[in-house]
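See below for the structure under consideration.
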Amino acid sequence: MSKAKEKYQHYLGKTVELISMDDTQAPPVGTHGKVVFVDDAGQIHVKWDNGSSLALIPGTDEFKIVS
């Protein structure tokens with residue numbers, strides 16, 4: 001397992017709330033979603049409540065764990 005993946009693996013199954021994402025297809029700020037996968041690059045893949053499945057990039061995107 002890569003160090004980046006290992007760093008965020010404990011987020012699996014957690015609910016996150018989007019604070020900001022620099023992507024034209026980003027869900028609206030405040031959208032919640034469930035972490036479903038962390039890849040080897042450390043990107044946090046989220047199934048957003050609005051149906052989107054964009055990944056969060058730690059250090060670039062802002063989010064918080066809500067559960």
Side-chain angles (χ1 to χ4, degrees):
M1 179 181 306
S2 73
K3 288 186 185 228
K5 183 174 184 173
E6 188 175 328
K7 184 174 182 178
Y8 299 106
Q9 194 69 16
H10 66 280
Y11 287 1
L12 284 175
K14 303 279 186 182
T15 299
V16 294
E17 180 180 325
L18 183 63
I19 297 171
S20 72
M21 181 186 279
D22 188 20
D23 189 309
T24 57
Q25 296 185 16
V29 170
T31 301
H32 288 195
K34 186 174 219 165
V35 176
V36 294
F37 180 71
V38 179
D39 66 24
D40 287 338
Q43 293 185 11
I44 301 166
H45 295 259
V46 178
K47 174 76 170 131
W48 296 101
D49 289 350
N50 72 345
S52 173
S53 59
L54 282 175
L56 292 164
I57 302 172
T60 300
D61 301 324
E62 293 182 61
F63 61 95
K64 66 181 178 180
I65 303 294
V66 294
S67 72

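Note: hydrogens, waters and symmetry copies are ignored here, and every other heavy atom, side chains too, is used. Not measured: the values here are computed from a predicted model.
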Checklist entry - Is Ile65 linked to Leu12 within one hydrophobic cluster, defined over Ile, Leu, Val, Met, Phe, Trp and Tyr using a side-chain heavy-atom separation of less than 4.5 Å? => result yes
Checklist outcome for this item: What one should report as the nearest heavy-atom pair of Asp23 and Gln25 is OD1-N, 2.7 Å
Next on the checklist: Under the side chain to side chain donor-acceptor pair (under 3.5 Å) definition, can you give me all pairs with a residue in residues 52-62, not counting sequence neighbours?
Outcome noted: Ser20-Glu62
Item to check | Heavy-atom pair with the smallest gap, counting every atom of Leu18 and Pro27 | outcome: CD2-O, 3.2 Å
Next on the checklist: Quick one, Ile44 with Phe63, criterion side-chain contact (heavy atoms from CB on, under 4.5 Å). Give me CA distance, side-chain angles, the key distance, then yes/no.
Outcome noted: CA-CA 11 Å; Ile44 301 166; Phe63 61 95; 3.7 Å; yes
Next on the checklist: Under the ring-ring contact (aromatic ring centres under 6.0 Å, His included) definition, can you give me all pairs with a residue in residues 18-44, not counting sequence neighbours?
Outcome noted: Phe37-His45
Checklist entry - Please, which pairs that meet side chain to side chain donor-acceptor pair (under 3.5 Å) have at least one residue in residues 4-16, sequence neighbours excluded? => result Thr15-Ser67
Next on the checklist: How long is the straight-line distance from NZ of Lys47 back to NZ of Lys34, given to the nearest 0.5 Å?
Outcome noted: 12.0 Å
Item to check | Over 12 non-hydrogen atoms of neighbours within 6.0 angstrom of CG in Asn50 | outcome: yes
Next on the checklist: Please enumerate all residues that pass side-chain contact (heavy atoms from CB on, under 4.5 Å) together with Lys3, with sequence neighbours excluded.
Outcome noted: none
Checklist outcome for this item: Note: Ala55 and Met21 closest approach over all heavy atoms is O-CE, 3.7 Å
Checklist entry - What residues, two or more places apart in sequence or in another chain, satisfy side-chain contact (heavy atoms from CB on, under 4.5 Å) together with Ala4? => result Ser2
